[in-house]
Novice: 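Okay, handing you the structure first.
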Amino acid sequence: MAVDAARGSEEGFTSAGAARVMAAACQAAGLDDRGAELIRFGENGLFRLASAPVIVRVARGKEWLFKARTEVAVSRWLQGEGFPAARVVEDLEQPLLIGDHPVTFWHLISEGARKPRYGELGGILRDLHALTIPEGLELPAFDPFDKQELRLDRAVIPQDDRLFLRKRWRELQEKFNELTFDTPKGPVHGDAHVQNLMVDDQGQVILIDFEAFCFDHPEWDLMVTAVEHHSLGWQTDEQYADFVNAYGRDLYDWPGYETLRGLQEFGMTTWLMQNVQEDEATAEEYRRRMASLRNDEGPRDWHPR
C-alpha cells in the first residue's frame, strides 16, 4: 500500500526525517503517533508508540521494499510454526510505502529483566536452521553485497575512503565467488547477532529483525558471532563456548572463515558509515573501523554500536 508523503530521502535519511515518515504511516494506519519515541536508528528507524504496544519500523528507501515484504511474510510463517519470533500487527495491510520509505508495524515485546545469552543465540539458530521453508515463501539467496553500492553512493564520507572501500568491495567479491560450502541450504536469519534476540517479561527468548532473512547455507548465521569473538573480542571465551556448544559448531575451524570475516567487517563498517552525520561518537567509531580495514593484520579495537 502506497501513501503520498514528503520524500525524506531527498534530504538524506535522518532520524528527524524518519520521524516524519513514521507520523504519516501512523495516520494512514489509523494509529496515534503522539509521544512516539525513537528507540534505534541504524539501517532503519525504530519507533515505540505511546498510544499502543506497537513498534513502527521505517526503512531507508524504496529499494528496501522487497525486504520489508520478506520480513512480514517470514514473521507470519514463523508464527504459524510456533517459533519464538517477532510478530507483525495483524489485520493491517503492510508494508506501507510512505513516499520512498517502506514502513512496517510490529507488536511490542515487553522486555524482561535480563539480556539474552550467547548460548541462547546458538540454540535458537540451531532450531531455526532445522525448519523447512514452506512452498510459496520465496526467499532470496544471501547476498553480502546487496546494500553496499547504495551505502557507498549515499554516505557522506571522504572520497579517499570511498575509493578504498570500493576497491575492498571488489576484492571481497572475488573471494566470495571462490567460496564452497558442504552444508545444505535452509532458512537463514542473515544478521544473527545477540542484539537480534530479546527476552520478554515471561523469560522467553525471541528472534527479531528479518530484513536479511534468506534461503542459503547456515554458515552465514554463524559468521557474525564467530567474527565478533575471534576478530573483535566482544565475547568472553566462556560466552563463545556457550554459543558453540549450543549450536554444535565453531565456524573458526572452517576454511572459508577468513573470507567471511572480511565480509562481516566490511558490512559492519558500511552499516555504521550511513549515520556519520548523526553524532560525533558514530563518526569517531567509523574512523576507527576504517583505520583497521586499512591494516588487515592490526588489532580491531572496535566498539559495539
Side-chain angles (χ1 to χ4, degrees), residues 1-3 25 28-31 43-44 46 53-98 100-109 121-148 150 176 179-193 196-198 200 204-224 247-248 267:
M1 179 179 177
V3 177
L31 294 168
E43 196 74 72
N44 305 272
L46 268 66
V54 171
I55 297 293
V56 184
R57 185 181 177 97
V58 179
R60 284 183 171 266
K62 61 185 176 183
E63 299 89 353
W64 278 260
L65 180 58
F66 175 79
K67 291 182 177 297
R69 288 172 174 157
T70 298
E71 286 184 277
V72 171
V74 167
S75 173
R76 289 173 174 158
W77 164 55
L78 291 177
Q79 182 179 359
E81 292 283 342
F83 193 89
R87 297 189 296 116
V88 291
V89 174
E90 301 87 356
D91 303 323
L92 179 62
E93 183 184 351
Q94 53 177 313
L96 297 180
L97 188 62
I98 305 296
D100 282 345
H101 300 279
V103 180
T104 51
F105 300 84
W106 301 80
H107 286 285
L108 175 70
I109 299 169
L121 177 61
I124 210 163
L125 290 178
R126 178 198 62 222
D127 294 344
L128 176 69
H129 295 163
L131 295 178
T132 299
I133 294 174
E135 292 185 13
L137 179 57
E138 299 294 331
L139 295 174
F142 185 82
D143 182 358
F145 305 103
D146 67 338
K147 303 171 188 171
Q148 306 301 352
L150 284 171
F176 169 72
L179 278 175
T180 58
F181 298 85
D182 56 9
T183 53
K185 292 184 177 182
V188 166
H189 181 272
D191 191 21
H193 51 77
N196 276 335
L197 289 185
M198 295 180 68
D200 69 13
Q204 183 176 42
V205 180
I206 298 173
L207 185 65
I208 66 172
D209 190 358
F210 311 127
E211 183 178 277
F213 209 96
C214 59
F215 179 75
D216 218 301
H217 299 282
E219 282 85 354
W220 296 115
D221 275 348
L222 304 182
M223 165 182 70
V224 181
Y247 187 85

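Position 1 is the first residue of the sequence, and the numbers go up from there. For the numbers below, each heavy atom of this structure counts, side chains included, while hydrogens, waters and symmetry mates do not.
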Novice: Taking all non-hydrogen atoms of both residues, which atom of Pro102 and which atom of Gly61 are closest, and how far apart?
Specialist: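 Residues Pro102 and Gly61, closest heavy atoms: CD-O, 3.1 Å.
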
Novice: Before accepting this row, confirm whether a basic side-chain N of the pair Arg87/Glu90 lies closer than 4.0 Å to the acidic partner's carboxylate O.
Specialist: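 Result for this pair is yes, salt bridge flagged.
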
Novice: Is the shortest heavy-atom distance from the side chain of Arg69 to the side chain of Pro95 under 4.5 Å?
Specialist: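 Of all side-chain heavy-atom pairs linking Pro95 with Arg69, at least one is under 4.5 Å.
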
Novice: Output the distance between atom OH (Tyr247) and atom CG (Leu222), rounded to the nearest 0.5 Å.
Specialist: 5.0 Å

Novice: Can you tell me how far OG1 of Thr70 sits from CG of Leu65, rounded to the nearest 0.5 angstrom?
Specialist: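 Answer rounded to 0.5 Å: 9.5 Å.
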
Novice: Taking Gln94 for the side chain and Phe105 for the main chain, is one N or O donor matched with an acceptor at less than 3.5 Å?
Specialist: yes

Novice: List the atom of Val89, the atom of His107, and the distance in Å for their closest heavy-atom pair.
Specialist: CA-NE2, 3.8 Å

Novice: Quick one, Leu139 and Val188 - any side-chain contact, counting heavy atoms below 4.5 Å?
Specialist: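 With C-beta onward as the side chain, the pair stays apart.
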
Novice: Given side chains that start at C-beta, do those of Phe83 and Ile124 come closer than 4.5 Å, heavy atoms only?
Specialist: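 Counting from C-beta outward, Phe83 and Ile124 do come under 4.5 Å.
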
Novice: Check step by step if side chain to side chain contact (heavy atoms under 4.5 Å, CB included) holds for Trp77 and Phe210.
Specialist: CA-CA 12 Å; Trp77 164 55; Phe210 311 127; over 6 Å; no

Novice: Quick check for you: to the nearest 0.5 Å, what is the distance between Asn196 atom CG and Leu121 atom CG?
Specialist: 9.0 Å

Novice: Look at the aromatic rings of Phe181 and His217 and report parallel, tilted or perpendicular, splitting at 30° and 60°.
Specialist: parallel

Novice: Just so I know, are the side chains of Asp191 and Glu211 near enough to count as touching, which here means a heavy-atom distance under 4.5 Å?
Specialist: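 Counting from C-beta outward, Asp191 and Glu211 never come under 4.5 Å.
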
Novice: Ignoring hydrogens, what is the shortest heavy-atom contact between Leu131 and Pro187? Give both atom names and the distance.
Specialist: O-CD, 3.4 Å

Novice: Find the distance between CZ (Phe66) and CD (Glu138) and round it off to the nearest 0.5 Å.
Specialist: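 The CZ atom of Phe66 sits 8.5 Å away from the CD atom of Glu138.
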
Novice: Is there a side-chain contact between Asp209 and Met198 (heavy atoms, below 4.5 Å)?
Specialist: no

Novice: Is the closest side-chain heavy-atom distance between Leu137 and Phe213 below 4.5 Å?
Specialist: no

Novice: For Asp221, which of His129, Arg126, His189 qualifies under side-chain hydrogen bond (donor to acceptor under 3.5 Å, both in side chains)?
Specialist: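 Among the candidates, only His129 passes.
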
Novice: Can you name the nearest heavy-atom pair linking Ser75 to Ala86, along with the distance?
Specialist: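 Smallest interatomic distance, heavy atoms only, reads OG-O, 2.8 Å.
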
Novice: CD/Glu219 to CG/Asp182 distance, rounded to the nearest 0.5 angstrom?
Specialist: 6.5 Å

Novice: Does Leu197 form a side chain to side chain contact (heavy atoms under 4.5 Å, CB included) with Ile206? I'd like the steps, not just the answer.
Specialist: CA-CA 6 Å; Leu197 289 185; Ile206 298 173; over 6 Å; no

Novice: Could you tell me if the side chain of Leu78 sits less than 4.5 Å from the side chain of Leu128, heavy atoms only?
Specialist: yes

Novice: Would you check if Trp106 and Ile208 make a side-chain contact, meaning some heavy-atom pair closer than 4.5 Å?
Specialist: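 No, every pair of side-chain atoms sits at 4.5 Å or beyond.
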
Novice: Show your reasoning for whether side chain to side chain contact (heavy atoms under 4.5 Å, CB included) applies to Thr104 and Val72.
Specialist: CA-CA 8 Å; Thr104 51; Val72 171; 3.8 Å; yes

